[in-house]
Each structure stands twice: as structure tokens, then as C-alpha cells.
Amino acid sequence: MESSSTAQSIHDSLTPVQLDAVNYIDGPLLILAGPGSGKTRVVTHRIANLILRGIPPRQILALTFTNKAADEMQTRLERLVPRQPVWMGTFHRFCARLLRQHASLVGLQENYSIYDTQDSTKALKQAVEVSEIALTHTSLDSIAQAISWAKNELISADTYKARHGSAIGNLVAQIYPHYQRRLLESNAVDFDDLLLHVATLLQENPELRQTLDTRFRYICVDEYQDTNSAQYAIVRALSVDYPNLMVTGDPDQSIYGWRGANLNNILEFEQDYPNVHVVRLEHNYRSTPNILRAADQLITHNLRRKEKSLFTDRDEGAPVRLLTYPSSRDEADAIAEHIATSVESGQRRLRDFAVFYRVNALSRSIENALRVHNLPYRVIAGLEFFQRKEIKDLLAYLHLLNNPNNDVALLRIINTPPRKIGKKTVEQLTIHARRYHLSMLEAARESGLIETLTKRSATAVAKFVSMYDRLALAIEDPLQDLIASLLDESNYRTWLEASESDEDANRLANTEELLTAAKEFDEQFDQEGRLEEFLEQTALVSDTDMLDEEIDRITLMTLHAAKGLEFPVVFLTAVEEGLLPHERSREDSEQLEEERRLMFVGMTRAEDELRISLAQYRDFRGQRNMTVPSSFLSQLPREEMEILEPVLFQDTAFHDDHEAADEWIETEFRNQSSESAAETLDLTTHPDAWEETPSTPQRYPAHLFKVGMIVDHPNYGSGTIVEVRGTAKKRTATVDFFGSAGQRKFRLAHCPLVPAGFDEI
DNA sequence: ATTCGCAAAGTTTTT
DNA sequence: CTTTGCGAAT
């Protein structure tokens, strides 16, 4: 076991290569870790080793990209050497902390707000308005992207120069400074700023840099292949006097280049830090040789990488399968059937299976098939909870309380719930604020002085301000209490309760969830500055962090979301030109390599079985198109794989030949008697066949819904009724959906729920 | 002030 | 087929 406390015994189970990494203490260390090579184990053992050798835990800093990774590391370290105050967390959280302490050095106050992407976009929109530039030929999005790119490259608003002749560049050069000013005036930062500000801080304050370098003498960076230039600069600045820097990563698993990750950081690590010790973890403990060889052969086609030879002790296992289906529906059905069969026979559990796809939109067809087979699943979709309107609303109240300059928050809630403060009124407030350089809240306080406002509007605004002031008195209360008063004072709760819609009933339920989260937080942190801490946490958290691994369900997710995970059986779907590689990546060879890495990551998630599939016809965005198999498929060791040949038109189907397609449908499908084929034909002939039955006013009788009943919902799919409450019009059912929808409440008198199997009304 | 409806566009997303 | 944002109607 790993609970003993001597250096000797805790490392007993490690291989010589792993021990080499664990025992290398001083100086730069690069761990090139292939998929499934026990990297996290090595990292945690090494940190434990540092501690056991007498290095104060406070001098150790471990940086990760996700909270999940940080938690995982923390838990494992806890098992090796309990209760050591090693700072572990994401880059962003680390920077947020540092920035709190040194906010004034970059023109912020310590209670600054962290804008999420949505908030940032709003701020950017305002900046565009102020700069009086008409965005005719570009979108707000591309401006945002350009600014984000610049920040990741450490280019500040002052130093940004448009590339000569770049139209967008010229716009950005004008807008970026306005945007940055808006943020500073609001005492706010965007995600990129967290890194940029800290990097700037370290660059411009040598004494501070030195202090921190000394404080964090031993630094570990996980997933180094995904660091961007800002992160690189931060790590670099903290490793000058004490270059005890350990980075781990795998160039072959770099899939966030589009977000500014710079593959050169890892590729050139050895040049950046002299006397680097390099350890290669090439022993894979996860996959069968079959899977590993296929993945390896694919990735060999990349040029920008470091040679690695992966090996495993496992038995050969099943061959990798390449399965071609006539249509995307057939593909989805086959997956569902395969899973159903092996679960029924007792060979596998639901949680052994994962289905991967390149884009989120592809999950729908899989979901449909799984639903038909009554197979429970979960869709990993990134942000959900904290992006819901009601949660964002309530958090906006808190944000404004914590940082009265947070204009985006004010604009969000000043009329939510409706307070008769409309667009015109807000416009006048904005003008007033800009003229006198006030925050929106300050402007609102002066509503009585604004002549252009009607008396009615001014009163409404004044009422809002006094509500704010009343809430501000409770700012030191436990969060649970604060949010509770917030729900009352703002009329948010009354507003939702008064509503008749199911949607609002659900919102009310989500509100409760936030209260629960706040309660848990209160129990955890019983100190000053609770609110600020809470807001920081919620801003830097994603739903994926709360993933419950215990539940027995099939997992559906994008290839990006799959990184770091493993499953006994993996379905890699829609491996078609245009999707994988994605069409937007096809031109550029660097991007094409990233797509190949994405496929590599997907393949190497599989432990026992890997099933790669594609369809000859794919229904996507309401259209049916003939597909072309992915060019990556020809880069796999086909001779040793099991290949299910396309059912029809092996040759023509590989070209984008519409005439052939029509002919195929005309002649071949008509002669087929198979059910799925018949249905597919129907679809092409009558596109309307997909559409829902037109809704009729008639509903399934409310009193017939019972707890335990399986029901269908047009949007959320199937689920089980877990609770029925209330009477007459207020009779409400709580449904636990099999899919990603989770639990939702419905007023039975007017919701589209029907018992499963109850066809049409 | 709010709601409704239509047009437009639709990788990936650790924070 | 979806989702989302903005403009017109109540």
C-alpha cells in the first residue's frame, strides 16, 4: 500500500524509469509521458519525495490545467504524505490569488471581478460602442478572438500593432485599448488577463519576481504541451534563481493549439533550460497492443513531435475495428445494439462504454439511438450549471455586491426581475456614467439628477439602489443567508414562483441548488472574505469538475473532453473528412496535425476495445450528405484491423458523387427489405418524417402520472418520475432524465410529457 | 416594457 | 435541425 511514510517504501511499486523521475530533485526535469503511462502517479510520488527529503511543502507549487487534475493530484498526495500544505491548482487560480495580493500593481483593486466569456463579450460590445466603430465586415467574435490571442502572446493594449494591411488588425488596434480600459474601470479581468497581468507583474517588478521565485522553489507543471506563451512566461519568471522546474507532457496530446497553446514550449524545453534531465515514460499500462499499435502508427504521420516508442505488457486483445455503415442512423443503432447486447449478457457494465465525436452536435443521433434502446447515458457538455440564466443572475447580484464597479453585473440585474427599468432608462444611465466617469451603480445613485429621465424611471432606479444598499448590509453574512436574502429582497423568488412555465419551475429548483452549493461552501470556509472566495471559485470552475464517476451510465463526449480519461470500450464515431479532420483545419498542416493528435487522444483512451466508425451518409444540421472517409483511416494499420466493409457502393461512396448517391438510394434501397434501410429511404423522400407530431391541445391526463413511471419529453428524452406533488393545476412531477438533462420539474397540466411507449396523442 | 418572431449561422473550450 | 440575437409589434 501507499500509506507508509519512508521514502523507501512508498516508492516500492515504481519501475526504474519512474523512480528515475521521482528521485531527480534539483534542476530542470522534463517528463515525456505517453498516454496511460502512470504520469500522475509519478508526479505525486515525486512531490512526496521532495517532502520526505525535507523540502518545506510551502516551497512546492503544482500547476495544472483543470481543477479535476489538481484535485486528483491532491487526493493522491494526501494518501502518500497526509496534510502537507503544497499549493496545487490551476494556472488561473494561482494567478487569481497572486493578483489579489498585488492588484494595485496592475491598476486593479483586490476585490476585482473575473468576467467569464459571456461577460467579457458584453464588455467588448460596450468598448466597440465607445470607440464608435461599425463592425460591418467582421464579427464581434473575431475581434474577441484576436484580443484573446494577443493577450495569450503577452501583447498588451499599448503594444498591440496591427499587422500591416490587416483589416481586422486595424480594428483590434483601436478596440483593444477601449476594451482594456472598460475592464479596468469596472475593476474586472477576463480569463486571459489573469495570466497576462501576472506575467506583466513579474516582468515589471524584479524584487517581487525574486521573492516569488524564492518562495516557490520547486515547481511542477502538468500538461506542459498545452501551455501558452503567457503561462510559459510565468513559469519561466518563477524559475530563474531556482530552476527546479519539472514539466510533464506529451507533444502528441496537444489539442489546444487553437486556444493559444504553444507546442514549442515543450518541444524546445531542452533548449530553454540548460542541463535538463529527460525521462520518457513509454510503458503503457492502459491499452492492448492492438490499440497501441494503431494509435502509434497514426501519430507517426505527424512531423512536429518527439519520437516515442510506446509498449505494453498486455495481451493482444481484440483487433481494432473499422466499421462503415450506410447511414449515421445505422451507426448510432449499431452502437446502441452492441452496448445493449454486451450489457445484457453480463460481459460489461454501462460505465465501461464511451462514445466520442468531434463536435457536440453529433451527440444527438447517438442519444436518440440510446434512448430507443432504453440505455441510460450522460453527456459531458462542459459548462451547464453556472451558465444557466438564473444562476448567472444571482451570481451577478453577488458580483455587484463584492465589486460595485462591476458594470456588466449591474446591467444584467438592474431589470431582472422586471422593475420597469427599460432600455431607455438604462441608456440614460450609461450616458450619465460615461460623461462623469462613474460606475453604473454610481450613476444609478444619481438618477434623481438626470434630467432626461422621467420621474417614474428615476424612482424605479432609486428603488433598485436602495434594495442594493439593504443587501450590502448582509455582505458579511454566511453565503447561504446572503443568497437567501437576495432571493427575497430582489423579488427573484416571487418572480419565479408567480410564473406558470415549466422552465421557471426548473429555475426555482436550480436556485435551490445554488443555495446548497453556498451552504457547502460556508461549512468549508469559515473566515473573512467569504464572498470574494466564493465568486472566484464559481468563476474558475466548470461542471466537468463535478463529474460523478460512480454512476453506471454510458458516457458521451467530444474528443477534447476525453483527454485524461480511460474506458474499457471506446467508440470513435463519424471519422469522416470534414469532421475529423474538421473542415476548418484541413488547409493548414499544423492544424491538420492537431486533428490527428485529437484522433490519437481518442484512440488511446481505450483499454480493451476500440471501435472506429463512419457512415456513408450522414444526417447533420437537418441535411443528409454523402461522406468521404477520413484521410486518417488510411494511416492506420488496416491489415491487422477488423474491417466491416461498407454495405453498398464501396467505391463510389468514397467520392463526393451526388448522382451516384441518388442512384444508390433509388436502386439499392428500394430493393432492400431491412427496416432501417426502409426508414432511411422514407427520410430522404419525405424530410418531414423527422418532425414531431404537431402538438395538439389535448394532453395526457395529469392524474395518471405516477412515481416510477417512465416518460418521454420532446426535448429532454426519456426519464423516470421520481416525485409527484401538488394538486390540480399545480400538480408537479419531478423527472430524472436518462440523458444530460438531470432532474427537472414539470407542471403536469401543461407540459409535453407522455408515458414511454404512449405513441401519439 | 415586454414579448414574439424571424433571420442567420452553427469546431473544439481545461479557465 | 438547432440555437441565438436583434428588431418590430403589442
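Reminder, nothing fancy here: chain letters follow the sequence lines and each chain counts from 1.
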Would you please confirm or rule out a distance under 4.0 Å between OP1 or OP2 of B/dT3 and any side-chain N or O of A/Lys423? no
Which nucleotide, B/dT15, B/dT12, B/dT14, lies nearest any side-chain atom of A/Asn67? B/dT15
Closest of B/dT2, B/dT13, B/dT15 to the A/Asn415 side chain is B/dT2
Using the C1' atom in both, what is the distance from B/dT11 to C/dC6, to the nearest Å? 25 Å
Rounded distance (Å) that lies between atom P of B/dT14 and atom CD of A/Gln253: 17 Å
Looking only at N and O atoms, is any donor in the side chain of A/Arg259 or the base of B/dT14 less than 3.5 Å from an acceptor on the other one? no
A/Arg584 side-chain N/O to B/dT11 phosphate OP1/OP2 under 4.0 Å: yes
In terms of the nearest nucleotide of DNA chain B, which residue is placed more toward the 5' end: A/Arg419 or A/Glu595? A/Arg419
B/dG10, OP1 or OP2 - any side-chain N/O from A/Asn360 closer than 4.0 Å? no
Between C/dT3 and B/dT14, how far is it from one C1' atom to the other, in whole Å? 24 Å
Please give, in whole Å, the distance from C/dG5 C1' to A/Lys122 NZ? 12 Å
For A/His582 and A/Trp258, I'd like to know if the aromatic rings sit close, meaning centre-to-centre distance below 6.0 Å. no
Flag, side chain of A/Glu593 to backbone of A/Arg304, donor-acceptor distance under 3.5 Å: yes
If you take atom types as modelled and just measure distance, does the side chain of A/Arg358 reach the base of B/dT12 with a donor-acceptor pair under 3.5 Å? yes
Take the protein atom CG of A/Leu362 and the nucleotide atom C1' of C/dT2, then report the distance between them rounded to whole Å. 13 Å
Within the structure shown, what part of the strands sits under 4.0 Å from A/Ser585 by heavy-atom distance: base, sugar-phosphate, or nothing? base
A/Ser120 and A/Asp190: which non-hydrogen atoms are nearest, and at how many Å? OG-CB, 3.4 Å
Return the nearest nucleotide to the side chain of A/Leu540; candidates are B/dT13, B/dT15, C/dC1. B/dT15
Please measure how far the P atom in C/dG5 lies from the corresponding atom in B/dT12, and state the result in whole Å. 16 Å
Less than 4.5 Å apart, side chain to side chain, heavy atoms only: is that true for A/Asp193 and A/Lys151? yes
Starting from P on B/dT11, measure out to NE2 on A/His560 and report it in whole angstrom. 13 Å
Quick check on A/Glu427: does its CD atom have over 12 non-hydrogen neighbours (other residues, nucleotides or ligands) under 6.0 Å away? yes
Rounded interatomic separation in angstrom, taking CG from A/Leu535 and C1' from B/dT15: 16 Å
When you compare the ring of A/Phe65 with the six-membered ring of B/dT15's base, are the centres less than 5.5 Å apart and the planes under 30° from each other? no
Any side-chain N or O of A/Ser457 under 4.0 Å from OP1/OP2 of B/dA1? no
Just checking A/Asp192: base, sugar-phosphate only, or nothing, at a heavy-atom cut-off of under 4.0 Å? nothing
Side-chain donor or acceptor of A/Arg605 paired with backbone N/O of A/Val601 under 3.5 Å: yes
What nucleotide, of B/dA1, B/dT15, B/dT11, holds the atom closest to the side chain of A/Thr425? B/dA1
Which whole-number value in Å describes the distance from A/Arg618 CZ to B/dG10 P? 20 Å
Give the nucleotide from the list B/dG10, B/dT15, C/dC6 with an atom nearest to the side chain of A/Arg621. B/dG10
Which part of the nucleic acid, if any, lies within reach of A/Thr227 when heavy atoms closer than 4.0 Å are counted: base, sugar-phosphate only, or nothing? nothing
Rounded to whole Å, please give me the gap between CG in A/Asp141 and P in B/dG10. 9 Å
Among B/dT14, B/dT2, B/dT12, which nucleotide has an atom closest to any side-chain atom of A/Pro418? B/dT2
Nearest nucleotide by nearest heavy atom, which residue falls closer to the 5' end of DNA chain B, A/Leu559 or A/Pro417? A/Pro417
Would you check if A/His582 stacks with the base of B/dT11, given a 5.5 Å centroid limit and a 30° plane limit, both strict? yes
B/dT13 phosphate, OP1 or OP2: any side-chain N/O from A/Thr558 under 4.0 angstrom? yes
Could you check how far CD of A/Glu72 sits from P of B/dT14, rounded to whole Å? 18 Å
So, is B/dT12 syn or anti if syn means the angle is within 90° of 0? anti
Which part of the nucleic acid, if any, lies within reach of A/Phe620 when heavy atoms closer than 4.0 Å are counted: base, sugar-phosphate only, or nothing? nothing
Side-chain heavy atoms of A/Asn368 within contact of A/Arg371, under 4.5 Å: yes
